[in-house]
Number of protein chains: 2
Amino acid sequence: MDPVPMLLAMTYRAMGDQFHDRLRQVGLEPLRPAHGYVFRFLKAKRATTVDIGQHLGVTKQAAAKIVNELDEWGYVLREPHPTDKRAQYVTLTTKGRDYLKFADNLWSDLEQEMAEAIGQETLNTIKTGLAAYLQHVHGEDQPGLRPVW
Amino acid sequence: MDPVPMLLAMTYRAMGDQFHDRLRQVGLEPLRPAHGYVFRFLKAKRATTVDIGQHLGVTKQAAAKIVNELDEWGYVLREPHPTDKRAQYVTLTTKGRDYLKFADNLWSDLEQEMAEAIGQETLNTIKTGLAAYLQHVHGEDQPGLRPVW
DNA sequence: TATAGTTGGACAACCTGGTTGACTACTTTG
DNA sequence: CAAAGTAGTCAACCAGGTTGTCCAACTATA
């Protein structure tokens, strides 16, 4: 049996490839996983570029590039921070929220197919097991998302 | 609950970071996951650079760079292919096999800690479940390993 | 068996997505 | 109120891939 991280990486890639294939069929901008993570993050809380970088596990400069792209494509916009004149909140536009909804549907389709392939119960165990491990390793504060290659 | 791929990515990174931390303590060359995957692959079968690229899911040129590094560091060497004068088999040196043994021990330590954190049974279910999913998606022929970011 | 197509490997130019470092404007703290 | 810290931007750089091109050697076919 392969070591756990290899299984994780292969599964991640397998699901990602399927997601990407289906996404391409609807002809959106070339959104990468990082963009999706940003959408999900922004839906959950108001955040600045620095916050986003921290969440992704990259520098603020890298995060700024991502935010710039999303801005150009109309998925997010910047609005002034109410109390800090240096900072800007990054917020989802309607287009951004629509994309997130679309992506969520796609993910749950893929997850459903996974459940049919290996059993709903097994899938549940995988999800709760991984979540528990992350909880164990990191405690409350989430780690960066970016996989290291 | 986060979508499955996010859990996969975060767990992958969490384990990888721990591995890397411990590896650094023994002061080896800056080996990346790809190198480890190559070692494991070479242990299983005789392979050329092209084979390695296919296994990793990268171009043969990218694979060649990795093999060059491993060669310079003394982990692998090239030997002529017995029947094909163009090709070269890449094989592990003793240093390469030693590293692989060391890494395998480290991984099983980490896996053991994971088992203690979430339960051996849960871990088993995760491993067999993911393997079954990969089997379902790809059939017999393994996919490339490289995670896409 | 001559020849057309394919393949392993190498070299070079380039691209992408990150990095570090420096700087300004603003904010927080002692 | 001075000193230290922080959000954001600009610029230079780097790592790890890519594509394109080529040659020598192999393979299949007519």
Side-chain angles (χ1 to χ4, degrees), chain A residues 9 12-13 16-17 20 29-38 41-42 45-73 76-91 143-149, chain B residues 9 12-13 16-17 20 29-38 41-42 45-73 76-91 143-149:
Chain A
Y12 178 83
R13 184 170 194 186
D17 284 350
H20 190 259
E29 282 88 5
L31 292 161
R32 282 161 283 137
H35 298 118
Y37 294 151
V38 170
F41 185 57
L42 292 180
K45 55 171 63 171
R46 315 211 85 196
T48 66
T49 299
V50 170
D51 296 332
I52 292 170
Q54 202 151 353
H55 180 245
L56 292 178
V58 300
T59 58
K60 59 183 181 176
Q61 293 90 330
K65 287 187 188 177
I66 293 173
V67 170
N68 277 335
E69 288 175 340
L70 291 176
D71 188 5
E72 282 166 24
W73 293 334
V76 304
L77 48 83
R78 295 171 168 92
E79 50 192 35
H81 191 287
T83 65
D84 188 334
K85 283 180 195 162
R86 296 167 306 174
Q88 297 169 323
Y89 274 137
V90 181
T91 59
L145 282 162
R146 184 171 56 90
V148 172
W149 174 239
Chain B
Y12 178 82
R13 184 170 194 188
D17 284 352
H20 190 260
E29 281 87 3
L31 292 160
R32 284 160 282 139
H35 298 119
Y37 295 151
V38 170
F41 185 57
L42 292 179
K45 55 170 64 171
R46 314 211 85 195
T48 66
T49 299
V50 171
D51 295 333
I52 292 171
Q54 202 150 353
H55 179 245
L56 292 178
V58 300
T59 59
K60 59 183 181 177
Q61 292 90 330
K65 287 187 189 178
I66 293 172
V67 171
N68 277 335
E69 287 175 340
L70 291 176
D71 188 3
E72 282 166 25
W73 293 334
V76 303
L77 48 83
R78 296 171 168 91
E79 50 192 34
H81 190 288
T83 65
D84 188 335
K85 284 179 195 161
R86 296 168 305 173
Q88 298 169 321
Y89 274 137
V90 181
T91 58
L145 282 164
R146 183 172 57 91
V148 172
W149 172 239

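Every chain is numbered from 1, with letters handed out A, B, ... down the list of sequences.
Between the CZ atom of B:R32 and the P atom of D:dC14 there is a distance of 16 Å, rounded to whole Å. When rounded to the nearest whole Å, the span between NE2 of A:H81 and C1' of D:dT6 equals 12 Å. The distance from atom CD of B:Q88 to atom P of C:dT7 is 19 Å, rounded to the nearest whole Å. Atom CG of A:D51 and atom P of D:dT6 are 13 Å apart (whole Å). Rounded to a whole Å, the CD1 atom of A:I66 is 14 Å from the P atom of D:dT9. Between A:I52 atom CD1 and C:dG18 atom C1' there is a gap of 16 Å when expressed in whole angstrom units. Nucleotide D:dT9 holds its P atom 14 Å from the CD atom of A:E69, rounded to whole Å. In this structure, CG of B:L70 is placed 12 Å from P of D:dG16, rounded to the nearest angstrom.
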*asked:* Between B:R78 and B:V67, does the side-chain contact (heavy atoms from CB on, under 4.5 Å) criterion hold? Intermediate values first, please.
replied: CA-CA 9 Å; B:R78 296 171 168 91; B:V67 171; 3.6 Å; yes
*For B:R46 and B:T91, run side-chain contact (heavy atoms from CB on, under 4.5 Å): C-alpha distance rounded to whole Å, both residues' side-chain angles, the deciding distance at 0.1 Å, then the answer.*
CA-CA 7 Å; B:R46 314 211 85 195; B:T91 58; 3.5 Å; yes
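Each of B:R86 and A:D84 has a nearest nucleotide on DNA chain C; the 5'-most of these lies closest to B:R86. Place A:A87 and B:A63 on DNA chain D by their nearest nucleotides, and A:A87 ends up nearer the 5' end.
A:L70 has its side chain within reach of A:L31: a pair of non-hydrogen atoms, C-beta onward, lies under 4.5 Å apart. Annotation: side chain of A:E69 is in contact with side chain of A:H35 (closest heavy-atom distance under 4.5 Å).
Considering only side-chain N and O atoms, A:T48 lies under 4.0 angstrom from the phosphate OP1 or OP2 of D:dG8.
From A:D71, atom CG reaches atom CD of A:Q88 across 9.0 Å, with rounding to the nearest 0.5 Å. Rounding to the nearest 0.5 angstrom, the gap separating the CD1 atom in B:I66 from the CG atom in B:L56 is 5.5 Å.
Ring geometry for A:H55 versus A:F41: interplanar angle under 30°, hence parallel rather than tilted (30 to 60°).
Of all the heavy atoms in B:L42 and B:A47, the pair that sits closest is CD2-CB, 3.9 Å.
A donor-acceptor pair under 3.5 Å is formed between the side chain of B:D51 and the backbone N or O of B:T48.
Remark on the helix from C:dT1-D:dA30 to C:dG30-D:dC1: inter-end axis angle 30°, axes from five-pair C1' superpositions, rounded to 10°.
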What N/O pairs connect the protein and nucleotides 19-22 of chain C at under 3.5 Å? Give each pair on its own line.
unit_1	atom_1	unit_2	atom_2	d
C:dT19	OP2	A:T59	N	2.9
C:dT19	OP2	A:T59	OG1	2.6
C:dG21	O6	A:Q61	NE2	2.6

